[in-house]
Amino acid sequence: MRQSSLVVVANRLPIDDSVAPDGACEWRRSPGGLVSALHTLLSHTPTTWVGWAGGTGPAPALADVDGVRMQSVPLNAEDLRDHYEGFSNATLWPLYHDSVEQPEYHRRWWEAYQRVNQRFAEAIAEVAEHGAVVWVQDYHLHLVPGLLRELRPDLHIGFFLHVPFPPPELFMQLPRRAELLRGMLGADLVGFQRAQAAHNFAQLVAKVLDLPATDRRIAVDDRVVRIGAFPVSIDTAEMAALAARPDVADRARRLRHDLGSPDQVILSVDRMDYTKGIEQRLKAYSELLAGGHVKVRDTVLVQVAVPSRERVGQYQILRERVEREVGRINGEFGRVGEPAIHYLTQPFDRAELAALYRVADVMAVTPLRDGMNLVAKEYVAARVDDTGALLLSEFAGAAAELSQAYLVNPHDLEGLKQGLLTALRAGPDDVGARMRAMRAHLHEHDIRAWARSYLSALDESGSLLHRLGATT
Ligand code: ADP
Ligand code: F6P
């Protein structure tokens, strides 16, 4: 087994399987940017990514992606049901998102969660060289830092949570709360999207485990675990370059024409998830149509909602409700050849997505709760001519950075309607000033800066990045 000095660990490998024109199955890099960020930052560091390749078959052998080795961890049908769909996405996911849907607690799910976390820890222990840096991502793998430390005390272990970390009054519901917190404390550095999440974590550790904790440091046995906020970002330059391509500009022009050349296009791009506020947004739009504030001929809404976690009951119910509502709104307000909502559930390639961002005069990103929301950042990066209004939920992590967006509370229907109208009616000077400021922020704070700031924080002594051969 080849070993690496940097090991990135996530539930999923950063690749998608796709069917080539000749019918063969091939793997390609999925968007998200972390692989390319690590590649530019640490191009000479032997790096392995450990994760699930999807499906329930044996772990496939995979080729390297941008110089990063892919090490797959297999899940069987029971693991998929109880670890991924169960404990990760029907217990932790709703609990961490303000319990906007009721979290479910089942002892069998917890057993699967422990089992799969143990399998990941063992896979990492095999591929990490002595003294390697291991960077564990997200809520599917809370126990991995603790389990890994037992197997390999020589490693430098980081943990980063991409989703919100809830306040104590919510987290305290979790039957196995102490085990989860202890698992995270196996890391040397625990990172969150926002300072509030780090604060919640410190409070919980003090309360549940009775350990001395501040928002920056926690003493555990003979070690100190550091905690902090590291807001994740995107490959800003890559999205900007894509959006500026002449063929993408052409696609955007064609799209506007195909949409009936309306005065204004509102766009939303979400995973089909109850945290994204899709139903609330549709209601606001429908009331604006009913009140005559918005006319179908002048303004269209494009709602992209890619199905997600389709075997989880709450996701099936949401999809049915959204599709019924889209049908109702189109039936009531659309005309022949002029739907009120263009509803799309397909995945798009990056160029098509960039063209959609270019065509959107208003981008409505209104989740009820979101760790960050990369779509909001991608939209800003794609508006290379400093036009376009971003309507953004106060409850998205991105709102802490993109404070020049038109901010709304998506739970407040009247506020949401008003926010949409304000964004639609904003003058070019206001829109331009806001967009310029947000683009400047993302230019500095891209995914490369995120990876660098996390890894340097993991490396208090300052020698780690140097040892890994980071470029400046
Ligand atoms: P989440 O991680 O909850 O899905 P984010 O907004 O943070 O939400 O990230 C979603 C990612 O998925 C973005 O990079 C976005 O570009 C991508 N994405 C969303 N919808 C589509 C789609 N229809 N086709 C391709 N990529 C999509
Ligand atoms: O942002 C949270 C997250 O779970 C990511 O880890 C993941 O890439 C995305 O949502 C999509 O979810 P899933 O892996 O369940 O399809």
Side-chain angles (χ1 to χ4, degrees), residues 8-16 18 28-36 49 51-55 75 80 83-90 92-94 96-97 100 136-142 160-165 192-193 231-236 238-239 242-243 267-278 302-312 314-315 342-357 360 363-382 390 392-393 395-399 401-402 447 450:
V8 179
V9 190
N11 181 53
R12 283 186 193 275
L13 290 169
I15 49 176
D16 291 326
S18 62
R28 56 187 164 75
R29 180 165 75 81
S30 59
L34 186 52
V35 170
S36 43
W49 189 304
W52 172 50
L75 296 189
L80 180 71
H83 167 264
Y84 170 72
E85 293 167 347
F87 197 82
S88 299
N89 285 314
L92 295 181
W93 180 267
Y96 285 10
H97 290 84
V100 292
V136 183
Q137 320 278 323
D138 236 351
Y139 60 101
H140 318 80
L141 302 173
H142 275 305
F160 183 79
L161 187 68
H162 290 253
V163 300
F165 193 73
F192 299 92
Q193 300 278 23
V232 74
S233 197
I234 58 163
D235 192 334
T236 312
E238 186 184 64
M239 177 51 82
L242 191 58
L267 172 69
S268 288
V269 176
D270 307 286
R271 238 176 348 92
M272 180 72 83
D273 195 298
Y274 50 81
T275 60
K276 302 290 182 182
I278 302 172
V302 178
Q303 173 68 66
V304 178
V306 200
S308 165
R309 306 171 190 166
E310 290 176 86
R311 300 195 320 175
V312 179
Q314 289 157 334
Y315 287 76
H342 294 258
Y343 173 70
L344 303 160
T345 58
Q346 308 131 43
F348 292 107
D349 65 33
R350 299 303 283 169
E352 192 73 22
L353 211 52
L356 275 166
Y357 291 144
M363 181 82 206
V365 181
T366 57
L368 303 176
R369 175 64 72 189
D370 212 327
M372 176 51 64
N373 198 291
L374 297 181
V375 163
K377 290 189 169 181
E378 288 169 1
Y379 175 68
V380 169
L390 173 64
L392 182 60
S393 165
F395 298 98
E401 292 171 86
L402 304 180
I447 189 151
W450 174 72

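Keep in mind the model is a prediction, meaning the values are calculated, not measured. FYI, the numbering just counts along the sequence from 1. Note that ligands are numbered from 1 as they come in the structure, with each ligand's atoms numbered from 1 the same way.
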Exercise. Determine whether the side chain, the backbone, both or neither of Val375 has a heavy atom under 4.0 Å from any heavy atom of ligand 1.
Key: both

Quiz item: Within the structure, does Asp370 bring an N/O atom to less than 3.5 angstrom of an N/O atom in ligand 1?
Solution: no

Quiz item: Looking only at heavy atoms, is any part of Met372 under 4.0 Å from ligand 1, and if so is it the side chain, the backbone, or both, or is it neither?
Solution: neither

Quiz item: If you measure from each non-hydrogen atom of Val306 to ligand 1, which part falls under 4.0 Å: side chain, backbone, both or neither?
Solution: side chain

Quiz item: Does Asp138 reach the main-chain N or O of His140 with its side chain, forming a donor-acceptor pair under 3.5 Å?
Solution: no

Table of N or O contacts for ligand 2, cutoff 3.5 Å:
residue: ligand 2; atom: 4 (O); partner: Tyr139; partner atom: OH; Å: 3.1
residue: ligand 2; atom: 4 (O); partner: Arg309; partner atom: NH2; Å: 3.1
residue: ligand 2; atom: 6 (O); partner: Asp138; partner atom: OD2; Å: 3.1
residue: ligand 2; atom: 10 (O); partner: Arg309; partner atom: NH2; Å: 3.3
residue: ligand 2; atom: 12 (O); partner: Arg309; partner atom: NH2; Å: 2.9
residue: ligand 2; atom: 14 (O); partner: Arg12; partner atom: NE; Å: 2.7
residue: ligand 2; atom: 15 (O); partner: Tyr84; partner atom: OH; Å: 2.5
residue: ligand 2; atom: 15 (O); partner: Arg309; partner atom: NE; Å: 2.8
residue: ligand 2; atom: 15 (O); partner: Arg309; partner atom: NH2; Å: 3.2
residue: ligand 2; atom: 16 (O); partner: Arg12; partner atom: NH2; Å: 3.1
residue: ligand 2; atom: 16 (O); partner: Tyr84; partner atom: OH; Å: 3.4

Quiz item: Heavy-atom contacts under 4.0 Å between Asn373 and ligand 1: side chain, backbone, both, or neither?
Solution: both

Quiz prompt | salt bridge (charged side-chain N to carboxylate O under 4.0 Å, His left out) against Arg309, all qualifying residues, sequence neighbours excluded | solution = Asp273

Quiz item: Do Trp49 side-chain atoms and Arg12 backbone N/O form a donor-acceptor pair below 3.5 Å?
Solution: yes

Quiz item: Taking only heavy atoms of Val269, which atoms of ligand 1 are found under 4.0 Å from at least one of them?
Solution: 19 (C), 20 (N)

Exercise. Please report the shortest heavy-atom distance between Ala354 and Met239, naming the atom on each side.
Key: CB-SD, 4.0 Å

Quiz item: Are Leu242 and Leu353 side-chain neighbours, meaning at least one heavy-atom pair lies under 4.5 Å?
Solution: no

Practice problem: May I ask you to check if ligand 1 and Arg271 share an N or O to N or O distance below 3.5 Å? | Solution: yes

Quiz item: Would one find an N or O of Val304, backbone or side chain, under 3.5 Å from an N or O of ligand 1?
Solution: no

Practice problem: Answer yes or no: does an N/O atom from Phe348 fall short of 3.5 Å to an N/O atom of ligand 1? | Solution: yes

Exercise. Run the contact test for Lys276 against ligand 1 with a 4.0 Å cut-off on heavy atoms, strictly below, and give the result.
Key: yes

Quiz prompt | Pairing of Arg350 and Glu238 as salt bridge, 4.0 angstrom limit | solution = no

Quiz item: Can you list the residues that meet the ring-ring contact (aromatic ring centres under 6.0 Å, His included) rule with Trp52, with sequence neighbours excluded?
Solution: Tyr84

Practice problem: Scan side-chain atoms only and decide if Gln314 and Asn89 contain a donor-acceptor pair under the 3.5 Å cut-off. | Solution: no

Self-check item: ligand 1-proximal atoms of Ile234, by part, heavy-atom distance under 4.0 Å
Solution: neither

Quiz item: Side chains of Leu392 and Val365: does their closest heavy-atom pair fall under 4.5 Å?
Solution: yes

Practice problem: Would you please determine whether His162 falls within less than 4.0 Å of ligand 1 on a heavy-atom basis? | Solution: no

Practice problem: With sequence neighbours excluded, tell me which residues meet side chain to side chain contact (heavy atoms under 4.5 Å, CB included) with Arg369. | Solution: His97, Asp98, Pro164, Phe395

Exercise. State the atoms of ligand 1, each with its element, that fall below the 4.0 Å cut-off from a heavy-atom position in Pro347.
Key: 22 (C), 23 (N), 24 (N)

Exercise. For the pair Tyr379 and Tyr357, name the ring-plane relationship: parallel under 30°, tilted 30 to 60°, perpendicular over 60°.
Key: perpendicular

Self-check item: Rounded distance [0.5 Å steps], NE2 in His342 versus CG in Leu356
Solution: 11.5 Å

Quiz item: Side chain, backbone, both or neither: which part of Met239 has a heavy atom under 4.0 Å from ligand 1?
Solution: neither

Quiz item: Should Trp93 and Tyr315 be marked as a ring pair (Phe, Tyr, Trp, His ring centres under 6.0 Å) after you check the CA-CA gap, both sets of side-chain angles, and the distance that decides it?
Solution: CA-CA 12 Å; Trp93 180 267; Tyr315 287 76; 7.5 Å; no

